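Let me begin by presenting the structure, written as structure tokens, before commenting on it.
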Amino acid sequence: MALTNFFGATSISNSILLVTLVPFILLEINEKTVFKPYIFVLLIGLFLSMISSNFFRDQSIMEGFKASVNFFYIMFYFMLRRINPSTIQMESALITLVIIFCISYIMQFILYPMVIFSGSEEEFSEDIRIRLMAQGFSSLGYFWGLNNLLIGKKRIIGLLLSIMCVGVIFLMGFRTMLAGIALFTFIMALRVYGFSWKIFITGFLASGVFIAILQFPLFAEKLNIMLERQETQNFSNSDYIRVVQFQYFTQHHFKSTIEYFLGSGMPFEGTRYGNYMRKLTDEGIYYVDWGLIGISWIVGLISVFAMISYSIKAFSLKVKKEHYYIGIWFLYLIVTSITTMEFYRPGNFVVQAIALFMVEKVYVTDKYKISVKQKNRIIF
């Protein structure tokens, strides 16, 4: 929790937090791991975007680094590898963190406009849409609960955790995230059962629970607001701000093809480049509204390629049904980050580091057990 500043409740310096991770990278640098190559490519891509920003935008590499610290928390993966907790310990810690996050979010939502956690200060004229650091815990927690519900293990806690997490995601007010939850719930069921009547039964029950939740006044009002936004905020509207944003970044922003490839760098507040990007923000031009495509304009194609690659790798690893939720969650992050910054939202790289370590842990453990069984068969 400290690496996420307790979901934004505290403000421990990023320098202090990142320094604690550096020794673990040095200790793990010669170790063979599943995700180290992807993470190193991501870090290289980030540094290249800082160089690009220095050359094309006159922003120093140190200023670029300070602006990009959020991405470097993926290095928490190396700390976890060195500490090497068991899968049971990690899942227990994950459930605890998910519950604490959901309670924190609900508490902040109830007490708004009182600010307890940073990220909840932003004003929206039509709705309260609070963001908290490391809010990826809510979606990862949902898929953990759904996974256990589908395979018939820890059903009660799985059901309760899923309901709590999807309720929090609903309160966030993101149409893309809710659509992603619906889509990947179906994909999760297909992956666990294959084509089976259980899918339709589970889907029917889940739909019933969801419809029942929507009857509460708070959720009904939130749904009405999202439906009203949908009428104007879509690509059929020629004045839709995302169309304007895309045209600006693809036609006017970059000074060369090299900058397009490497990215113009994360803007640091107070620099000339930072002030320029702030002016764009004031005019409604946000790169974050284009999700992973948008962040590629800033940190470069290499960095985004690395992020998508380790996500697909996490999904492709052969693990037991109990751990399908991790790979599904990474695909969910990619899909929902087409028009949101969910993949790289502050604090979410800590959540990703946890998920990467866990899926690697269970993959290597299962692979070792299979290898031992095969050797025993040969001996006997």
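Note: hydrogens, waters and symmetry copies are ignored here, and every other heavy atom, side chains too, is used. Being a predicted model, the structure only gives us computed values, none of them experimental.
- Contacts of F261 classified as ring-ring contact (aromatic ring centres under 6.0 Å, His included), with partners at least two apart in sequence or in another chain: none.
- Counting only distance, with no hydrogens or angles, the side chain of R242 and the backbone of D289 share a donor-acceptor pair below 3.5 Å.
- The closest side-chain heavy-atom distance from L146 to Y142 is below 4.5 Å.
- Between the S49 side chain and the G300 main chain, no donor and acceptor come within less than 3.5 Å of each other.
- Although no hydrogens or angles enter the test, the distance criterion places no donor-acceptor pair under 3.5 Å between the side chain of N148 and the main chain of K154.
- Between the side chains of K361 and N84, at least one donor N or O lies within less than 3.5 Å of an accepting N or O.
- Cation-pi contact between R131 and Y105: absent, since separation from the ring centre below 6.0 Å together with deviation from the ring axis within 45° is not met.
- In summary, E342 and R345 engage in a salt bridge, as defined by a charged side-chain N under 4.0 Å from a carboxylate O.
- In this structure, F143 has its ring center closer than 6.0 angstrom to the ring center of Y332.
- At least one side-chain heavy atom of L190 sits less than 4.5 Å from a side-chain heavy atom of F186.
- No more than 12 heavy atoms of other residues, nucleotides or ligands sit less than 6.0 Å from atom CD1 of I156.
- Considering only heavy atoms from C-beta on, F330 comes within 4.5 Å of Y310 through its side chain.
- Annotation: side chain of F343 is not in contact with side chain of T336 (no heavy-atom distance under 4.5 Å).
- A donor and an acceptor atom, one from each side chain of Y344 and S337, are nowhere located under 3.5 Å apart.
- Side-chain polar atoms of E360 and Y77 form a donor-acceptor pair below 3.5 angstrom.
- For an aromatic pair to be called close, the ring centres must be under 6.0 Å apart, and Y286 with Y248 fails this.
- Counting heavy atoms from C-beta on, the side chains of V299 and M266 come closer than 4.5 Å.
- Between M114 and Q108, the shortest heavy-atom distance links the atoms O-NE2, 2.6 Å.
- Between T271 and Q59, the side chains place a donor N or O and an acceptor N or O closer than 3.5 Å (distance only, hydrogens not considered).
- In the displayed structure, F305 atom CZ is contacted under 6.0 Å by at most 12 heavy atoms of other residues, nucleotides or ligands.
- Ring planes of F78 and F40: tilted class, angle from 30 to 60°.
- Using a 3.5 Å distance cut-off with no hydrogens or angles, the side chains of S264 and S53 do not pair a donor with an acceptor.
- By the 6.0 Å and 45° rule, R82 does not stack over the aromatic ring of F24.
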Could you go through the side-chain hydrogen bond (donor to acceptor under 3.5 Å, both in side chains) check for T340 and T176 one step at a time? CA-CA 8 Å; T340 75; T176 306; over 6 Å; no
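- The two residues T96 and S92 come nearest to each other via the heavy atoms OG1-O, 2.9 Å.
- Every residue two or more places apart in sequence or in another chain was checked for a ring-ring contact (aromatic ring centres under 6.0 Å, His included) with Y287, and none qualifies.
- Residues P85 and F357 have side chains in contact (heavy-atom distance under 4.5 Å, counting atoms from C-beta outward).
- Between R191 and F184 the shortest side-chain heavy-atom distance does not fall below 4.5 Å.
- A donor-acceptor distance shorter than 3.5 angstrom exists from the side chain of K321 to the backbone of V192, with no hydrogens or angles considered.
- What you find for E259 and S52 is that their closest heavy atoms are CG-OG, 3.6 Å.
- Although no hydrogens or angles enter the test, the distance criterion places a donor-acceptor pair under 3.5 Å between the side chain of N70 and the main chain of G347.
- Across every non-hydrogen atom of L80 and I354, the tightest pair is CD1-CA, 3.7 Å.
- Without hydrogens or angle criteria, Q135 side chain to L132 main chain gives a donor-acceptor distance under 3.5 Å.
- A donor atom on one side chain and an acceptor atom on the other are not found under 3.5 Å apart for Y273 and E63.
- When atom types are taken as modelled, the side chain of S316 and the backbone of K313 share a donor-acceptor pair closer than 3.5 angstrom.
- Atom CG of L26 has more than 12 heavy atoms from other residues, nucleotides or ligands within 6.0 Å.
- Between M133 and F101 there is no side-chain heavy-atom pair separated by less than 4.5 Å.
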For L18 and V69, run side chain to side chain contact (heavy atoms under 4.5 Å, CB included): C-alpha distance rounded to whole Å, both residues' side-chain angles, the deciding distance at 0.1 Å, then the answer. CA-CA 8 Å; L18 288 176; V69 289; 3.8 Å; yes
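- Across every non-hydrogen atom of A355 and I326, the tightest pair is O-CG2, 3.5 Å.
- In this model, no donor atom of one side chain and acceptor atom of the other lie less than 3.5 Å apart for Y260 and T250.
- Within a 6.0 Å sphere centred on CE of M62, other residues, nucleotides and ligands contribute 12 heavy atoms or fewer.
- Checked against a 6.0 Å centroid threshold, the rings of F249 and W290 do not count as neighbours.
- Closest approach of N348 to G136, counting heavy atoms only: OD1-N, 2.7 Å.
- A salt bridge does not link E31 to K36: none of the charged nitrogens lies less than 4.0 Å from a carboxylate oxygen.
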